[in-house]
Each structure stands twice: as C-alpha cells, then as structure tokens.
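Excluded from the calculations below are hydrogen atoms, water molecules and symmetry mates; all remaining heavy atoms, backbone and side chain alike, are included. Just so we're clear, the structure is a prediction, and the values are computed from it rather than from any experiment. Whatever order the structure lists ligands and atoms in, that order sets their numbers, starting from 1.
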Amino acid sequence: MKVGIMGGTFDPIHYGHLVTAEAARVELQLDEVVFVPTGDPPHKSYAVTEAKHRYLMTVLATLTNPYFSVSRVDMDREGKTYTIDTLRDLRISYGPEVEFYFITGADAILEILTWKNPEELLSACVFIAASRPGHSLERIQEVLGGLYTNNKDRIRLLQVPALAISSTDVRERVATRRPIRYLLPETVAYYIAKTGLYRDDWHTSGPVGHTTVEDPVTD
Ligand code: ATP
Ligand code: MG
C-alpha cells in the first residue's frame with residue numbers, strides 16, 4: 001500500500017493544497033492521501049489559528065474526495081511539529097508494510113530537508129517535491145547538493161497545475177474584506193465567515209453574528 005502524507009499549517013486550506021495532493025495521488029498511484037495539520041506552536045511567534053479550526057477546515061475541504069482523510073497526530077502531540085515525529089506516529093497506525101510519500105511544495109521541501117535529520121527522513125519516506133508558482137524547484141540541486149544527487153530515487157519532482165494561491169494571501173484578503181471565492185472550497189469560505197477567522201477586528205468583536213459555532217469534534 002502507498003500512502004501520501006500532506007503536512008501543512010492549513011491556515012486555511014486552499015485549492016493549491018488540494019490540487020497538489022490529488023496530482024500526487026494520481027501520478028504516483030497512491031492508495032490514499034492523509035492531510036496532517038500541524039499542532040499549535042508552543043512559542044507563538046505569530047498567531048497561527050487554533051488547531052481545532054484548521055483541522056475542521058481541512059475536514060470540510062477534503063470531504064468530497066474518497067481518497068483523502070485528515071489525521072490529528074500532529075495536533076494531538078505536545079510541542080513543535082517535526083516531520084520525523086509525524087512519520088513515526090503514522091507508521092505506528094499504518095504498520096510496517098505501508099510505503100509513505102511525503103508531499104510538499106517547492107518551498108517546503110527545501111526547508112524540511114535542510115533543517116531536520118534529512119538522512120533519517122529520506123529513509124522513512126519518499127519525498128514528492130511539487131512545483132509551486134514563485135518557488136523554483138531548480139534550486140533543489142544547488143541547495144541540497146549531494147543529498148539530492150545521492151537520493152534522486154527518494155525525492156520525486158512533480159509538476160502540478162500552477163495555482164498562485166497561499167494561505168497568507170487568503171488571510172490578508174479576509175482581513176481587508178477582499179473576496180476569497182474560487183481560491184478555496186466554498187464550505188471553507190463559509191466556515192471562515194461564520195467564525196470570523198482572519199478578520200482584523202475578530203479579537204474585539206468576536207465571531208460574526210449572534211451564534212458561536214459549535215465545534216463538533218473537539219468541544
Ligand atoms: P502560508 O502562506 O501560511 O505559509 P501556505 O499556502 O504556504 O500557507 P502551508 O500550509 O504552509 O500553505 O503549506 C502546506 C504544504 O502545501 C507545503 O508543502 C506547501 O509548499 C504546499 N503548498 C501550499 N500552497 C501550494 C500551492 N499553491 N501549490 C503547490 N504547493 C503548495
Ligand atoms: Mg507555507
């Protein structure tokens with residue numbers, strides 16, 4: 001069995017994530033793709049949205065794809081999220097036979113493999129480095145050097161339909177009341193609107209409207 005792992009902050013999840021995961025699934029003939037939202041950073045250098053919201057938006061966005069699922073392993077673990085811990089926890093639930101494919105965009109592959117136990121990571125899974133507008137995959141050879149040339153079979157480059165969408169841009173659009181329609185699934189847009197996420201006045205006015213949204217998973 002071949003399982004894709006799509007790690008991310010998903011703050012919020014958007015079509016760039018979904019297109020990348022689906023392209024990897026089809027191209028590498030993965031049996032499923034599990035989305036893994038990161039945990040809450042212990043030292044909040046910037047305000048990442050609470051994990052329960054990011055988890056729910058990821059569930060909403062992946063609902064209609066029977067090959068997609070969402071895992072809580074990273075959000076349920078204390079402390080900072082490291083990919084090596086994600087892989088270890090998923091190995092425990094999936095068993096020893098499964099082959100893991102860790103899916104990343106061009107920006108994230110360089111971060112993960114230049115910072116964290118790269119040799120160990122490369123023996124734990126195959127990396128899929130997907131193209132992403134604004135981030136050149138050509139730098140991979142230059143930045144990773146021998147690590148890349150010696151592990152070419154463990155780092156697969158993947159061209160995905162180019163979508164210049166980022167969560168940062170979505171957050172800024174919401175904060176400045178600009179549209180986010182067609183950048184992410186409608187259900188996620190409704191969730192953002194209903195909870196008041198990313199609105200610059202959120203901390204003073206609270207969630208939009210009179211009702212607070214019940215959290216059916218964690219509350
Ligand atoms: P932020 O702007 O907050 O960093 P983001 O859009 O980069 O958000 P992340 O949650 O940081 O999203 O990314 C999760 C994974 O998805 C990373 O591997 C990232 O490279 C990849 N990714 C995100 N957006 C795209 C995109 N538009 N095309 C291809 N890959 C993407
Ligand atoms: Mg990012």
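Within the listing of ligand 1, atoms 15 (C), 16 (O) sit less than 4.0 angstrom from a heavy atom of Met6. Heavy-atom contacts of Asp107 reach the following atoms of ligand 1: 19 (C), 20 (O) (cutoff under 4.0 Å). Ligand-side atoms of ligand 1 in range of Thr9: 10 (O), range being under 4.0 angstrom from any heavy atom. Every atom of ligand 1 with a heavy atom of Gly8 under 4.0 Å away is listed here by number and element: 10 (O), 14 (C). Applying the 4.0 Å criterion to heavy atoms of Thr168 picks out, from ligand 1, the atoms 1 (P), 2 (O), 3 (O).
Using bins of under 30°, 30° to 60° and over 60° for the plane-to-plane angle, the ring pair Phe102/Phe127 lands in the tilted bin. Aromatic ring orientation, Phe100 versus Tyr94: perpendicular (interplanar angle above 60°, classes split at 30° and 60°).
Nearest approach of Asp11 to Tyr198, heavy atoms of both residues: OD1-OH, 2.6 Å. Closest approach of Ala51 to Met75, counting heavy atoms only: CB-CB, 3.9 Å.
Residue Val160 places every heavy atom at 4.0 Å or more from ligand 1. In this structure, Arg171 is part of the shell of residues with a heavy atom less than 4.0 angstrom from ligand 1. Residue Ala164 places every heavy atom at 4.0 Å or more from ligand 1. Look at Thr20 and you'll find a heavy atom under 4.0 Å from some atom of ligand 1.
Of the heavy atoms in Ser131, only backbone atoms (N, CA, C, O) come closer than 4.0 Å to ligand 1. In Ile165, the part holding a heavy atom less than 4.0 Å from any atom of ligand 1 is the backbone.
Looking at Leu163 next to ligand 1, an N or O pair under 3.5 Å apart turns up. When only interatomic distances are considered, the shortest N/O to N/O separation between Ile103 and ligand 1 does not fall below 3.5 Å. The shortest N or O to N or O distance between Thr104 and ligand 1 is not below 3.5 Å. Checked against a 3.5 angstrom limit, the closest N/O atoms of Arg132 and ligand 1 fall inside it.
A 6.0 Å sphere centred on OH of Tyr15 holds more than 12 heavy atoms belonging to other residues, nucleotides or ligands. Heavy-atom contacts from other residues, nucleotides or ligands closer than 6.0 Å to OH of Tyr67 number 12 or fewer. Within a 6.0 Å sphere centred on CZ of Arg139, other residues, nucleotides and ligands contribute 12 heavy atoms or fewer. The number of heavy-atom neighbours closer than 6.0 Å to CD of Glu27, taken from other residues, nucleotides and ligands shown, is 12 or below.
Taking each of Pro133, Ala130, Gly7, Gly105 in turn, the one with a heavy atom nearest to atom 14 (C) of ligand 1 proves to be Gly7.
Put simply, the side chain of His17 reaches to within 4.5 Å of the side chain of Ser167, judged on heavy atoms.
Panel note: side chain Arg54, backbone Ile13; no donor-acceptor pair is recorded below 3.5 Å.
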